[in-house]
Every structure is written in C-alpha cells, then in structure tokens.
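As the structure is a prediction and not an experimental result, all values here were calculated from the model. Below, chain A is the first sequence line, B the second, and so on; all start at residue 1.
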Protein chains: 2
Amino acid sequence: MTGIRQLADYLDISIGTVSRALNGKADVNAETRRRVLEAAEKLGYVPNQSGRSLRKGSTGVVGFMMQTGPEITSQGDAFFMSVFDGVQTVLSRHKLDLVALLCSSNEDPYAYLQRTVARGFADAIILSATRRNDARFELLHRHDIPFISLGRSLTDVGQPWIDLDFEGMAEVAIERLVKAGHRNIGIIWPHGDLNLGYLFADRCREVLAKHGLVLREDHVFRAKPSEAGGYAVGQEIASRSPRPSAIVLVNEILVTGLYKGLEDAGVKPGKDVAIVGRYSPQAQFLSPALTCFTLSLRDLGISLAEHLLSVMPAYQSDYVGQTPRVIWPMTLIEGASG
Amino acid sequence: MTGIRQLADYLDISIGTVSRALNGKADVNAETRRRVLEAAEKLGYVPNQSGRSLRKGSTGVVGFMMQTGPEITSQGDAFFMSVFDGVQTVLSRHKLDLVALLCSSNEDPYAYLQRTVARGFADAIILSATRRNDARFELLHRHDIPFISLGRSLTDVGQPWIDLDFEGMAEVAIERLVKAGHRNIGIIWPHGDLNLGYLFADRCREVLAKHGLVLREDHVFRAKPSEAGGYAVGQEIASRSPRPSAIVLVNEILVTGLYKGLEDAGVKPGKDVAIVGRYSPQAQFLSPALTCFTLSLRDLGISLAEHLLSVMPAYQSDYVGQTPRVIWPMTLIEGASG
DNA sequence: TGTGCGACCGTAAACGTTTACGATACTATG
DNA sequence: CATAGTATCGTAAACGTTTACGGTCGCACA
C-alpha cells in the first residue's frame, strides 16, 4: 500500500505539499500539482480513509439504512436499487460514496443506528421504512447527524423528508373507482406500523366520505407485505359478503399473490373486483395489467441526495433554497384491472 | 462525542487501561474492568472507528459489493436481502458489520473496487454478479484482501467461492422434461457475460446430447434480465417454427413477463409450452404455478460468511476445514408449468 | 533482608492524513 | 537598496485509538 509518505519521498517533496496538491488547495505551484497528480496515478495512490477521516472528522460516506431479511419493508424487487442509483449520481459529484447500512432482522434498528452513528461511520444518513413513531429521528437529531428520511413520521424533528404521495394516490384511485360506479371499495393495508398505511387509509376514508360512502371495517384488509400475504388477503376478499367490488392497495409487493388468491377463490381480478395498486416490474405483465401508480425511482433518489446535501454543512452552499419537505407525486398507469 | 480520553478522565485512570479493559485484554484487574464497562455504558462511549482502524489496520467491516441501477444482474433485491441476513448472523458473532458497497451503474466496477480497497474501507469483500472473466478477482488477490465470490469465474485466483448448482439444475430440468416426452427443448440465457449462463447452457447441451437430442441454435433465447426482457422473449418463442415444446430458464427475474409474452402470442404457458425456472416470490402465484428450483438464501448467506471468515487471518482459527468451494444445491418445487 | 515474580497499570509511540503556522525566495514598489 | 507583499513549500501538531514497553507494588521464598 503506497501512502502519502511514499508518494512524497518519490517526488522528493514534503507530505504537506502532496496533500495540498491532491486536495486542490490554493497555495501550490501548478507544475508541482501536475507532478503530484501524475505520480499519484502512477503509483496507484489512494488516500487512506481512516487516516483522513480521523483528521478531518468526516468520512466521505453517506449511509442508507435498511433492514435485511426476507420480509422487507413494503418495497419489492428493484425499488432500492433504482433509488440508490439516483442518489449516487448526485453524491459522486461531491466525491461522496453511498453505502447501504444493513441492519439485520434480529437486531434492533435503534440500537444498530446508535452504534453506527457513534462509531462515526457515515457523515449523513438516509432513513427508509419510517415508522409512524420512529425513535431514530430523535437519535440522529440529538447527535446532530445530517439526515433525511424517505417517508414521513409523527416523530419529525425538523429534518428534510421526501415521501411518496400516498394521499394523492388514495384520492385519484378512489375518485376513479367511484366515477366508474363502484360503491363498495376496500383497501389493503400492510401489516406493521409504517406510516404510509395510516396516511393512505385516512385519505381513502375522507374521499369516500366526500361521496357519501363509507369504508366498511370488514373491507379494510391487513396483509403481510409479501406475495403470500397477498394470496391470503385475496382469499379473504373473496369470502366477504358483501364483497367489495373494488380494491385499492398501497403496497406493490403482494399483487401477484393477490391476483392468484382471488382467482383460486373464483373471483376474477379486474372483472369481478377492480384493482388499483402500485407499480412493480410485474404490474404490466399481469393479466389483466394492473392499473397502478408509478414514479421515477431514479429521480426520487436524486432528490433525496440533493435534499440531504442541503443539510450537510460542508455541501449545503450548493443546494440552498431546497424545499425541506417533498411529497413526491405519482402518475397513474391505466391498466385493465380497474 | 465522548472519546476514550473523557472516559479515562472520568474514571481517573489512563486511556491505556481503558482500552485494554474494553478490548478484553488479560492484564487488567477484574474490578477495574467492571468499572470501565459500566462507565462506558453510562457515558454512551463507542470507540471511534477511524481512530481504531487507523491504528489496527482493520476496519471491522465486510463489504458486499453490488451494482445498483434498474437493470441489475439477474437477482432481485429480495434475493440479496435474504442472503444479507444470513451473512450477518454469522458476522455479528465476531463483531463484524456488513455493508453493501454500491457501485453505481455508470461507474466501472473494477475502478470502484480499486478505489474502495485502496481506501481501506473493508477488511474483506464479498463479490457477486461474477462475470465469466472477472478482473476483480485478480485485483483483490494482488492487494491480498480476503474475499469470496458468489459465483464462479474463469479468472479464479484460488479464493473460496460458492455458486448455485446451475449445472445440476440444468440436468434435473432437462431430464424431467425429456422424461415427460419433450424433444424440442429451448433455453433462456440472460444477456451479459455472467458466468452462470455458460455453465447452464453447456450442461443443457450435454444432457440433451446424452439423450440423442440437440439444442437448436434458434431455441437458445437471449433475454434482458427484466420482466420486459421476459415478455420480449416470450413473443419470440411463440414465433419460432418449430416452436420449442418446453423452456428452461436460469433467471428468476423475467418469468412474469415471459408468461405474459407467451399468452399475448396465443401460447399457453404450461400447456403449449412447458416451463421450468428459478424460484422467485411470484413463482408459486403464477398461473400455472412455476415449476422451479429453490434454495435457502439465508443458509447460503451463512455459508458465504463462514467461508469468508475462513480466509480472514484474524478469524480463520474458528473456521478451519471449510471446503473452499461449494456448489450449492437447489431443490425442485413441482408446479404445474412443466 | 534481598531477590524474583506476577499482577496491574501508566507512558508514549504509532497508524495516515490534514492544516495552521512559519520559513524562504522572489517580485514589485517606493 | 530597503521593504512589503506574494507565491510556494516545509514543519509539526492533531485527530482517537491500540499496544509495546517499562515501572510500581505486593507477595512469596530463600
């Protein structure tokens, strides 16, 4: 491993100058800088992260916290990979690296976050899978770590957040179904205390009420966020009487199972029961194609990164005037399901 | 942030003793150790990672490298989340943390890895999405970084690897289909130069040959690893004459699209064309349910971690006698598709 | 009493950077 | 020519740990 010392010896100048040259400081001769950069390239020198961050007090990495395990939050397949990609295109412009902080399913997320924060692992954090009451917010706030959350929470501490427009989605979906003549509309609400479920369900109720309709309690279906959960809830829906004539679901990960659950119970999705859901890679390849709400995950990632930078002291000058909170719109893809 | 110095001052002992007490070194009085641990807990002291790793030369983190972007390798993120979970259960026993090293889709993986390795970011690396010729192997070998790869490669450098048994899968699938009377069997081979495609295709050919059958070149379908890719290839299959009566696919991520592509072309999956594939969360909820090969992703993760530890000098004593290479078996789930 | 030993602990160096500060040489200006 | 100013660079401290080394103390033993 070639360190800055080897590089300095090789060039026969001091390590201070080398460091300044590499970091783009002003007081270094242009010719010297050129030589340093050239030599660094040649010797394959890359600054050691530990030494650098020990001195600077910052690590140059942004952590995206997520829980591992088979039963992930409420997002499916390529969701995070696409978001990451957007985040990185922004961060890389500032020489920041993104790593995923993986909290195992048998570790308490709060304890995990506490540990990684105290270790000084990342300069800033992106939170996902925000709960309705989420203690992690206060933790990061107390330690004065810049962060942003993908998702709102009641335990807001003034940090920026971006959340999908679940309420707008509820509104558009319900309006659409009501206009199509549906009077008996049910919803699927994923298990757990993710905040989005509440936002979604509440707005559904409101919009229905506006039309003089009521969301029956036995038409609120709780599902595990998995295909199996979708299957189970499909069976359940089929067995209700009265059976809802339309279903809105906020979770993308269970729709194939839902279709199958309904079919196996003799109820044809899109025909006997209209379905409106969230986009997933499978959505348009189901039969009938799912009417669903979509968004650009990459753009979402970009926005997440930009808003995060706007609260990081070292970078915020480039990102002034960011709206601190964003409700991210989703657009409807008309399928044949509802 | 309370450092070791504050802790030492608080206890009125030297930082050396504090460090030894916390790290479980021998020559420290039992009572002193108790006091130190208690105070550390009380003051919420957590060792600074940069300082520690600068001194020790190791970081205590294991990196799992993966590419971000919508068009990921051939696995969905449900796949990795489960594997991660297994990896972590093992690593956490050794106080090692797992982070995902996210290489953005517009950065060269080799350059990315080079950068993170030189920075000294992780003590060991897990590679995934191994290509048939993968320069990353040699890179890590040259830098003497312990690593393991999920997937074989021609550019093996003697490191341990674990790979799914794509050849066994090919064998079982082909035998099954031949036994069912199929003579015209096609395969779907994902785009890119992932090694698994070659392993799979070659073995398919061999097994077919054993039965006096030949894999027609126009029955080898290349597909983009996405649902859309599956749809396209479904259309393609339908248009071939002669049309294969059965299809084996090695990639899990495109099956819903494949079904739809076939259906839209008037070909009924499972009826007009038998299909055997890989397990995905959707597999059993398709109609007909997919006959597919599955495995315990968590156990795979556990094995990955154990084999990785066996090549890490600081930990290998606990993991002697590990077989360096593992071909991970998959088991068949009989669906109705083939 | 002197010696040796073990238990325990303090001291200080080292890890690889960054950066405040001071030193040097050269240029411009009077 | 003297001086101030500027460009460039070297020096050394600092970041928070870990750990080799040496020191002190108490005790056992001859």
Salt-bridge contact R142(B)-E138(B) (side-chain N to carboxylate O under 4.0 Å): yes
For the pair R34(A) and E38(A), find out whether any cationic side-chain nitrogen is under 4.0 Å from an anionic carboxylate oxygen. yes
Residue mapping more 5' on DNA chain C - nearest nucleotide basis, G51(B) or A30(B): A30(B)
For N48(B), report the nucleic acid contact type (base, sugar-phosphate, nothing); a contact means any heavy atom under 4.0 Å. sugar-phosphate
Base, sugar-phosphate alone, or nothing: which one does G16(B) contact when heavy atoms must sit under 4.0 Å apart? base
If the cut-off is 4.0 Å, is [X] near the phosphate of [N], judged by side-chain N/O to OP1 or OP2?
X      : N       : value
S19(B) : dT18(D) : yes
S50(B) : dG16(D) : no
K25(A) : dT18(C) : no
N23(A) : dT18(C) : yes
R52(A) : dG16(C) : no
S14(A) : dC9(D)  : no

Looking at [options], which one has an atom nearest to any side-chain atom of [X]?
X      : options                  : result
T32(B) : dG16(C), dC9(C), dT17(C) : dC9(C)
I4(B)  : dC9(D), dG10(C), dT17(D) : dT17(D)
T17(A) : dG10(C), dG16(C), dC9(D) : dC9(D)

Side chains of N133(A) and T155(A), donor plus acceptor under 3.5 Å: no
Under 3.5 Å side-chain donor-acceptor pair for D85(B) and T68(A): yes
Distance criterion of 3.5 Å, no angle test: do you see the side chain of R55(A) paired donor-to-acceptor with the base of dT18(C)? yes
Between the side-chain atoms of R119(B) and the base atoms of dG16(C), is any donor-acceptor pair under 3.5 Å? no
Between R5(B) and I15(A), which has a closest nucleotide on DNA chain D that is more 5'? I15(A)
Just the rounded figure in Å: distance from [atom2] of [N] to [atom1] of [X].
X      : N       : atom1 : atom2 : value
D27(A) : dT6(D)  : CG    : P     : 14 Å
N29(A) : dC26(C) : CG    : P     : 13 Å
Q49(A) : dG16(C) : CD    : P     : 14 Å
K56(B) : dC15(C) : NZ    : C1'   : 13 Å
L11(B) : dC8(C)  : CG    : C1'   : 16 Å

Tell me every residue that passes side-chain contact (heavy atoms from CB on, under 4.5 Å) with R152(A), counting only those two or more places apart in sequence or in another chain. W161(A), D163(A), F166(A), E167(A), N195(A), L199(A), I327(A)
